[in-house]
Chemist: 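For reference, the structure I am asking about is given below.
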Amino acid sequence: MADIFDLTIIGSGPGGYVAAIRAAQLGMKVAVVEKWPTLGGTCLNIGCIPSKALLHASELFEEAGHSFKALGIDIPAPVLNLPQMMNHRIETVAANVGGVDYLFKKNKITVFRGTGTIAAPGKVLVTPQSGSAQTVETKNIVIATGSVSANLPGIEIDEKQIVSSTGALTLDKVPNRLLVIGAGVIGLELGSVWARLGAKVTVVEYLDRILPGMDSEVARQFQRMLQKQGMDFKLSSKVAGIDKQDDGSLKVRVEPAKGGDMEILDADVALVAIGRKPYTEGLGLDIVGVALDERGRVRVDGHYKSSVDGIYAIGDVIAGPMLAHKAEDEGIAVAEILSGQAGHVNYAAIPAVVYTNPEIASVGKTEDELKADGVEYKIGKFPFTANGRAKAMLATQGFVKILSDVNTDRVLGAHIVGKNAGEMIHELVVLMEFSGSSEDLARSTHAHPTLSEAVREAALSLGDGAIHI
Ligand code: FAD
Ligand code: NAI
């Protein structure tokens, strides 16, 4: 008689692999079905991790070329060794996916290689690339199949010249002209990588602003910073088509979003970064009756249960921000729920970080959202130009902005533009988890000299005033 698992998870991204580990820790017998050769999903293989390897390397390349002199480090102009930079990316990915292998063995999680299809509640059919299919018997199923890049109609991604994020991570030479479609997180992060390595980057964005969803003041100021770094923006514009030329270049047809005269932009590579869509292909959801919402995401209740008993879903394939840490936290929550605990994710305090230079980090409400909700709020702001450590690091760009309730002083949102913003945001996440006030933060001692003192100063400015401005 074949083993019966307590839980079978389809997909080994941050949602799936974290759910598997927590479920095993809680005593369940766990299986994971993965169709890719390596574990870790989009994030570890073609997303968060490889992009951060290139962002780090290209940032140092840029600094060596531009900032070292002012710090008294005279070196010849740095020379790009792109194959080695790509090796760094490959080795970083290998170390991370290998880490998931190790954790699975440690937690006695069984991996089935192949595409998982839900044959019925309690039955997952696994079809490997070669060899025969097998059925995994299980008490519960978690769908953690993630998302894939969205595409523009009529534009064919070849991953060489017209690329998604996946191709943009593996270009074998720096394009002279990179055209990015979409001023979202992927467009700005990967656009930054190639701009630092020498490409002329133009970003075409449908809306009249970059980074929709982020605080609009942050987005406006950040756009100026990117423009100073040499990036061009064509806002309120859409790409109508891309024509490949005989000389290997691209002619990109760009139109005003509202319609009007077409303009042709020349490029060597075009990156399509207009969002991602949930991935449910091949799962057989229509046959078992798992309902999807209007955007193709698996519809779940507050306990991540789909419309069918015994079938759950987490991560990019359900509603909410498409972020690795959101998927991970849902993984922990669903494992806890399935073992009888009260698993929970606080969606009001999920940080978001854009890993550019400077970084952008935010948590909670934006000023735009508070205005729209009619909430009475006050703003505490502090610039890094007035922070001692930032001056020593030549990292004075940006500011901290904290939004708190006028009546209760409870912190409702926080937004940081600045070096290491992605590390600094977490004291605000914890503060918000504890429903803290700006006074709580302002009364907490911060080590000197640190960039985080700017966070405290922003909180102080919501009370009797910041000290250093
Ligand atoms: P995924 O990571 O997409 O994993 C799904 C897995 O399911 C895949 O391994 C897939 O092969 C497998 N699968 C699918 N269908 C089947 C099937 N039928 N049978 C078997 N296996 C199947 N987020 C951040 O928070 N921070 C970042 O810095 C960040 N950077 C990113 C950079 C890029 C370029 C991209 C593209 C994304 C980035 N993201 C980032 C988003 C992040 O990668 C996703 O939010 C996260 O991976 C979602 O996790 P998941 O577990 O839901 O799904
Ligand atoms: P996105 O949703 O962040 O941005 C897409 C952008 O493209 C938007 O500004 C949108 O207005 C624009 N757009 C849409 N259609 C367009 C069109 N036809 N022409 C021009 N512009 C158009 O999506 P993106 O950048 O592709 O990233 C996908 C997901 O991956 C995001 O949801 C993000 O959460 C996640 N991600 C997270 C990262 C991080 O946390 N640092 C890094 C990279 C990705």
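Order of listing sets the numbers, starting from 1, for every ligand and every atom in it.
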Chemist: Any sub-3.5 Å donor-acceptor pair from Arg22's side-chain atoms to Ala333's backbone N or O?
Modeler: no
Chemist: Applying a heavy-atom distance cut-off of 4.0 Å, which protein residues contact ligand 1?
Modeler: Ile10, Gly11, Ser12, Gly13, Pro14, Gly15, Gly16, Val33, Glu34, Lys35, Trp36, Gly41, Thr42, Cys43, Ile46, Gly47, Cys48, Ser51, Lys52, Gly114, Thr115, Gly116, Ala144, Thr145, Gly146, Ser147, Ser165, Ile186, Arg276, Tyr279, Leu283, Gly315, Asp316, Met322, Leu323, Ala324, His325, Ala327, Tyr355
Chemist: Does Ile210 approach ligand 2 within less than 4.0 angstrom via side chain, backbone, both or neither, non-hydrogen atoms only?
Modeler: neither
Chemist: Can you list everything that forms a side-chain hydrogen bond (donor to acceptor under 3.5 Å, both in side chains) with Asp158? Sequence neighbours excluded, please.
Modeler: Lys244
Chemist: Can you tell me which residue and heavy atom of the protein come closest to atom 14 (C) of ligand 2, and the distance to 0.1 Å?
Modeler: Ile274 CB, 3.6 Å
Chemist: Output yes when the distance from some N or O of ligand 2 to some N or O of Val185 is under 3.5 Å, and no in every other case.
Modeler: yes
Chemist: How long is the gap from NZ on Lys365 to CE on Met432, to the nearest 0.5 Å?
Modeler: 9.0 Å
Chemist: Among Leu178, Leu271, Leu169, whose side-chain contact (heavy atoms from CB on, under 4.5 Å) with Val163 holds?
Modeler: Leu271
Chemist: Short list, please: which atoms of ligand 2 are under 4.0 Å from a heavy atom of Leu152?
Modeler: 18 (N)
Chemist: State the atoms of ligand 2, each with its element, that fall below the 4.0 Å cut-off from a heavy-atom position in Tyr355.
Modeler: 41 (N)
Chemist: Show, in sequence, the C-alpha distance, side-chain angles and deciding distance for Val400 and Lys381, and conclude whether the side chain to side chain contact (heavy atoms under 4.5 Å, CB included) test is met.
Modeler: CA-CA 5 Å; Val400 180; Lys381 247 165 108 176; over 6 Å; no
Chemist: If the threshold is 4.0 Å, N to carboxylate O, is there a salt bridge linking Arg253 and Glu263?
Modeler: no
Chemist: Of the listed options (Lys238, Arg209, Glu205), which comes nearest to atom 12 (C) of ligand 2 when hydrogens are ignored and any heavy atom counts?
Modeler: Glu205
Chemist: For the pair Lys123 and Glu137, find out whether any cationic side-chain nitrogen is under 4.0 Å from an anionic carboxylate oxygen.
Modeler: yes
Chemist: Without hydrogens or angle criteria, can the side chains of Ser147 and Asp316 be said to hold a donor-acceptor pair below 3.5 Å?
Modeler: yes
Chemist: Run the side chain to side chain contact (heavy atoms under 4.5 Å, CB included) check on Gln134 and Phe112 step by step: do they pass?
Modeler: CA-CA 9 Å; Gln134 62 175 312; Phe112 292 92; 3.5 Å; yes
Chemist: Going by the closest heavy atom to atom 34 (O) of ligand 2, which one wins out of Glu189, Met322, His325, Lys326?
Modeler: Met322
Chemist: Does the pair Lys139/Asp6 count as a salt bridge with the N-to-O cut at 4.0 Å?
Modeler: yes
Chemist: When you measure from the side chain of Thr166 to the backbone of Ser164, do you find a donor-acceptor pair of N or O atoms at a distance under 3.5 Å?
Modeler: no
Chemist: Backbone N or O of Ile210 within a donor-acceptor pair of the Glu205 side chain at under 3.5 Å?
Modeler: no
Chemist: Would one find an N or O of Val353, backbone or side chain, under 3.5 Å from an N or O of ligand 2?
Modeler: yes
Chemist: Can you tell me which residue and heavy atom of the protein come closest to atom 30 (O) of ligand 2, and the distance to 0.1 Å?
Modeler: Arg276 CD, 3.7 Å
Chemist: Where on Ile186 is there a heavy atom closer than 4.0 Å to ligand 2, on the side chain, on the backbone, on both, or on neither?
Modeler: both
Chemist: Looking only at protein heavy atoms, which one is nearest to atom 7 (O) of ligand 2, and what is the separation?
Modeler: Gly182 CA, 3.3 Å
Chemist: Main chain of Ala119, side chain of Thr117: is a donor-acceptor contact present, judged purely on distance under 3.5 Å?
Modeler: no
Chemist: Check Glu281 with Lys35, please: is the shortest side-chain N to carboxylate O separation under 4.0 Å?
Modeler: no
Chemist: Which ligand 2 atoms does Leu207 reach within 4.0 Å, using its non-hydrogen atoms?
Modeler: 11 (O)
Chemist: Donor-acceptor pair, distance only, cut-off 3.5 Å: does the side chain of Asp368 make one with the backbone of Ser216?
Modeler: yes
Chemist: Would you mind telling me if ligand 2 is within reach of the side chain of Leu323, the backbone, both or neither, using heavy atoms under 4.0 Å?
Modeler: side chain
Chemist: Among Ser164, Gly184, Gly275, whose heavy atom sits nearest atom 2 (O) of ligand 2?
Modeler: Gly275
Chemist: If you measure from each heavy atom of Ala352 to ligand 2, is any distance below 4.0 Å?
Modeler: no
Chemist: Give yes or no for whether the N/O distance cutoff of 3.5 Å, strictly under, is met between Pro212 and ligand 2.
Modeler: no
Chemist: Check ligand 2 against Ile181 and write out every atom of the ligand that is under 4.0 Å from a heavy-atom position of the residue.
Modeler: 19 (N), 20 (C)
Chemist: Just to confirm my output: which protein heavy-atom neighbour is closest to atom 21 (N) of ligand 2, and how far is it?
Modeler: Tyr206 N, 3.2 Å
